[in-house]
Structures are given as C-alpha cells and as structure tokens.
Number of protein chains: 2
Amino acid sequence: MSSIVKILVVDDDPDIIEILRYNLSLAGYQVKTASNGKEAVKKAKLFLPEIILLDIMMPEMDGIEACTQIKLLPSLKKTIIIFLSARSEDFTQIAAFDAGGDDYITKPVKPKILLRKIRSVVKRLHSDIDENTKIELGNIIIDRNEYLVKIDNNNINLPRKEFELFFLLASRSGKVFTRDEIMNKVWGTNVIVGDRTIDVHIRKLREKIGDLRFKTVKGVGYKFVQ
Amino acid sequence: MSSIVKILVVDDDPDIIEILRYNLSLAGYQVKTASNGKEAVKKAKLFLPEIILLDIMMPEMDGIEACTQIKLLPSLKKTIIIFLSARSEDFTQIAAFDAGGDDYITKPVKPKILLRKIRSVVKRLHSDIDENTKIELGNIIIDRNEYLVKIDNNNINLPRKEFELFFLLASRSGKVFTRDEIMNKVWGTNVIVGDRTIDVHIRKLREKIGDLRFKTVKGVGYKFVQ
DNA sequence: AATTTAATCAAAACCTTATTAAAATACTTT
DNA sequence: AAAGTATTTTAATAAGGTTTTGATTAAATT
C-alpha cells in the first residue's frame, strides 16, 4: 500500500542537491534529482514522484514555469510541489502559488524543517489510510487513532511496538504474517533487530490479550485468530 | 451574527485609499483607513476589522511588520489580511505569508477583482465561524473567539501557545496527536523549536487544567481525555 | 536423534518524557 | 526608550518505561 515515497529534487546548485539528497535518503525516501526546469519536467514524467522540491531561480527554465507545466500533466496532477526560494530573491514569489505550488521552504534549508514538512506532506498524501484506523473484532476494539485497545470494555495498555504488532496481525485476522512481513511493517526497512525481538513481543501480547489468540505457524510466522 | 463587515484599508497613497474606500463602501462594507503600519496596528486594535487590506511598502512600518504584529494580538487573530503589492516590487513577498497574510492583490487594484476577493473572503469568514470556534466538553468550555477557557465557570488564563495546544488536543478528544502534528498545527511548519518545548507546554496545561486529562502515549504523542 | 525453530526470562541498552531553572523573547506600562 | 512583567524556549538532569539482546530451555520437523 504505502511504498517508498519518491521525491524529485530540483536545483541548479549541486551543493544544495547534495544536502537535500543526503537528508532525504537518510530519512528513507527515494530521491532523484534534476538541475533545471526542463530536466525536471522530463524526469518527473518518468519518475512520477509524489513530491517535488523545486528551486525557483534556475537556468533553462525557472521553477515557476516548470511547476506550471508539471501541473498540466494528468499523471502528475496530484504531485505536491514545494518551492525552494532564497529569502533575498527579487522575485514575485507569490507567482509560485499561482502556478500551483503547494508550499515553500526558504533557503538556507534547515534539515529539520525540511523533514518535518515532507513528513506532513506524506501524511496528507496517505491520509485516506487512516480511515482504516479502527478494528473491531467481536469483543475487541483496536483504535489506532486513540492508541487504544479494549477488550470487553476494559482498556488494555500496549506500548507502541506491541500495539503496532497487534494492529498489524489483527488487521487481517487469520492471515499468517511472516517474520519478514512483520519486520518490514512494524520495524520498517531501515532497522535491524534480532529474531528474538518478535518472539518477545508476541509473548507480551499473549500475556495481555490472551494466549490462544496468537497462533505460531512454525517456520512461517504468526497469525491472530478470533 | 453577520453584522456589517468591517474593513481596514492601509496605504500611504491617498488616491489608492480613496479608490478602495469608494468601492468598498458602495458595496456595503464599513471602511476605515490608515496610512502606515503603525497607525494600522493602532486602528486595528480599536476597530477590530474582519479584513485588512494592507499595502506592503509604507513609511514608518511596512506592511509585513504590521501584519506580524496584528497577528499576534488575540483579538485580531482571525482577521484576514490581504496584501496589496505592486507586481514590480523588489520584495520577498513570501515574507507576506510568513507573517500570516492570507491573500494578496497586485496593484493596480481592479475594483472587480477586489470585490470578488472580498466576497470570497467574507464567505470564508462566515462559513467557518462557529465551526472551529468553540469547544464544549462537559464542564469545560474553550472559546477561540474570545481566547477563553472556562472550567466549572471559572475562567482560566492560558497564554497563546498553551491555548492553541489545548484547543488542538481538545478539538478531538481521545485522539492521539503526534509531536509532528502538534508542531505543525501549533507552531507551523516554518519554525523549529526543540522537542522539550511541547513537554513544557503540556506540563503547564496539566498544572492548569488537570493532571489526568493529558495522557502521554509514549513514543507516539499526547491526547486529551475527558 | 539430530536439527531447526520458537519460547522464556532477566539484564542491559536504549529512548522518550518529566521536571527544573534559567535564558531569551515578546509585551506593557510608565 | 526603559523597566517591569509575562510568555516561550532551551538546556541539563532525572525518572521511567520500552525495546532488544543473549543465554537457556522447550517444541516441532526431518
């Protein structure tokens, strides 16, 4: 469902490209780059990024123009464009919004701000996901919105990882989740932890939710049964 | 509910003031004027306009600065500020949005455009009035209009940030707000403050509103519970 | 029976939040 | 403009919970 988020970074300054690429890659995004508007449009068509970071002042074709063109392409209509602009630029940057830009970041770009902005954009993108925010199975309610688990109306406190794991297993009760799947979904692809970690979390869940509900399928994985 | 809409027009050019005043009055709005930023802030405080048309380049205090100051006043927080700017102005107009501006019109101002914009703003004003303005949860009342919190009929004074944070959490009681969400909604995406800042504000709220009402969900965020 | 995989447990490592007090900012009042 | 007051942010440390590991034991599979 939510694959890796693709970001196209466009700037004519290689240093800035590098800074952005570094920070974004580290944060787990898939990054491609372009160094002018023309190239940006071309690469955007192929790469189909969810987000484009677009410098305004560039040779060949400026960011505003590129933005306008990109926004005209059906396949990129939903792409979110964030402008990069130097505070001092003598430029009607308001045009950026006219052109269909969604947000902007002023240079120098602070990594923290950048990443927060991206995160919030990504969340906006995936916001229809949190429709699936509540699972009800008989006497069990798992509400991700409130981070709450209720069994027969008794609240059960689950720490974060346990909750995520439970939520995952319960999201398709009966289905066997392999250890790999669990790893990827709960821990993400960027961390490495030993195998015992999953076992221990399953054990905690068994203690709190009920021994019989978490079935081990040896050699394969675990499943939640009602 | 919808009394006459008050508009404050700010420009250093008397001719422009007159044009705007004429058109707006004719359309049925109540208009006051100021000719520089300083005067604008002063008059805004008294007049409490719903809308301010604000020139950017002015003597004494420019429009950006005035906007910033106005937006900081609780009583004018909801005021919509529309900037007037010459398209040719050598100016970082993005600063206008940083300062909290809501829209802009380029000079020369065309009456039709102006009035259309005003009408759409007025519509916006009247549509989300009451919507996001007052929260009542049992014995707690949070009124954003008046920046007021009442518990069992006792007024509680919350400074700006604490109020915003409280308002956010209470707007969906039960829901866990992540730190990112809180940051974005209360502090905005263009400032960076450390993580402890949120903690400290939560602590203040716990002191003033009640310890048990703000639940920490470790690793996730905070929620307000009734 | 040998091998592989999972369960259990407690200790260690790790992280996140709470709490202060002090510093920095912003706002008022004179 | 200056002094005083309130608010917001930071920094450092304490407190507490969560997560992971590693050793050992148990169970299933071949």
Side-chain angles (χ1 to χ4, degrees), chain A residues 110 112-113 147 149 156-166 169 176-180 182-183 186-188 190-223, chain B residues 38 41-42 44-45 61 65-77 99-100 147 149 156-166 169 176-180 182-183 186-188 190-223:
Chain A
K110 295 183 189 133
K112 269 192 187 173
I113 289 189
Y147 253 79
V149 175
I156 295 185
N157 175 55
L158 293 186
R160 189 156 72 126
K161 282 271 160 35
E162 285 167 42
F163 183 94
E164 296 292 353
L165 176 55
F166 187 26
L169 295 180
V176 179
F177 289 84
T178 65
R179 293 176 103 91
D180 271 357
I182 292 173
M183 257 301 132
V186 177
W187 276 264
N190 291 316
V191 267
I192 296 196
V193 294
D195 258 7
R196 286 318 105 229
T197 302
I198 292 179
D199 304 29
V200 171
H201 280 84
I202 290 283
R203 185 178 129 256
K204 293 260 174 71
L205 287 178
R206 282 174 170 153
E207 277 169 9
K208 291 175 185 174
I209 311 294
D211 219 342
L212 308 165
R213 291 205 140 111
F214 299 89
K215 190 145 187 317
T216 302
V217 182
K218 202 150 181 172
V220 188
Y222 296 94
K223 71 178 169 183
Chain B
K38 219 167 178 180
V41 176
K42 203 176 285 176
K45 274 190 208 172
M61 182 198 292
E65 174 61 19
C67 178
T68 308
Q69 294 204 13
I70 286 166
K71 280 289 174 179
L72 287 174
L73 300 169
S75 58
L76 292 168
K77 180 127 201 311
Y147 249 76
V149 175
I156 294 186
N157 172 54
L158 292 187
R160 203 184 151 70
K161 281 272 161 29
E162 286 167 41
F163 183 93
E164 295 292 352
L165 176 55
F166 188 26
L169 294 180
V176 178
F177 289 84
T178 65
R179 280 168 182 273
D180 267 357
I182 292 173
M183 260 298 135
V186 177
W187 276 264
N190 289 310
V191 267
I192 214 79
V193 293
D195 260 5
R196 291 312 110 232
T197 302
I198 292 179
D199 304 31
V200 172
H201 280 84
I202 289 284
R203 182 173 135 264
K204 293 261 172 70
L205 287 178
R206 281 173 170 155
E207 277 170 6
K208 290 175 185 174
I209 311 294
D211 217 343
L212 308 166
R213 290 206 140 109
F214 299 89
K215 192 152 183 314
T216 303
V217 181
K218 207 162 174 174
V220 187
Y222 295 95
K223 70 179 165 184

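Computed from a prediction, not measured in an experiment: that's the story for all the values here.
Here the P atom of nucleotide dA6(C) and the CG atom of D195(A) are 7 Å apart, to the nearest Å. Between the CD1 atom of I198(A) and the P atom of dG22(D) there is a distance of 16 Å, given to the nearest Å. Per the geometry, CD belonging to E164(A) stands 14 Å off P belonging to dT18(D), to the nearest Å. Counting to the nearest Å, the P atom of dT16(C) and the CZ atom of F163(A) are 18 Å from each other. Atom CG of L205(B) and atom C1' of dT7(D) are 13 Å apart (whole Å). When the P atom of dT20(C) is taken as reference, atom CG of D199(B) falls 13 Å away, rounded to whole Å. Per the geometry, NZ belonging to K161(B) stands 11 Å off C1' belonging to dA26(C), to the nearest Å. The nearest whole Å value for the distance from the CD1 atom in I202(A) to the C1' atom in dA26(D) is 18 Å.
At dT17(C), one or more side-chain N or O atoms of R179(B) fall inside 4.0 Å of OP1 or OP2 (strictly under the cut-off). Regarding contacts with the backbone of dT9(D), a side-chain N or O of W187(B) is found under 4.0 angstrom from either OP1 or OP2. Dashed line: the shortest gap from a side-chain N or O of N157(A) to OP1 or OP2 of dG17(D) is not under 4.0 Å. Between Y222(B) and dT16(C), a side-chain N or O to OP1/OP2 separation shorter than 4.0 Å is absent. Under 4.0 angstrom from either OP1 or OP2 of dT16(C) there lies no side-chain N or O belonging to T216(B). A sub-4.0 Å separation between OP1 or OP2 of dC9(C) and a side-chain N or O of R203(A) is present. In terms of phosphate contacts, R206(B) brings a side-chain nitrogen or oxygen within less than 4.0 Å of OP1 or OP2 of dA18(C).
Both V200(A) and R160(A) sit near DNA chain C, but only V200(A) has its closest nucleotide nearer the 5' end. Nearer the 5' end of DNA chain D, as judged by each residue's closest nucleotide, is the contact made by L158(B), out of L158(B) and I192(B).
Atom CG of L205(A) sits about 5.0 Å away from atom CG of L165(A), to the nearest 0.5 Å.
Between W187(B) and H201(B), the ring-plane angle classifies as perpendicular under the 30° and 60° cut-offs.
In this structure, R160(B) does not pair ionically with E164(B), as no charged nitrogen and carboxylate oxygen lie closer than 4.0 Å.
D211(B) comes within 4.0 angstrom of no nucleic acid atom, judged by non-hydrogen atoms across all strands.
Which of dG22(D), dT18(D), dT17(C) sits closest to the side chain of P159(A) comes down to dT18(D). Among the nucleotides dT8(D), dA6(C), dT17(C), the one closest to any side-chain atom of E162(B) is dT8(D).
Under the 6.0 Å cut-off for aromatic ring centres, Y222(A) and F177(A) do not qualify, their centroids lying 6.0 Å or more apart.
Residue K218(A) places a side-chain atom within donor-acceptor reach of the base of dT5(C), judged by atom type and a 3.5 Å distance cut-off alone.
Side-chain N or O atoms of R179(B) include one that pairs as donor or acceptor with a backbone N or O of D195(B) at under 3.5 Å.
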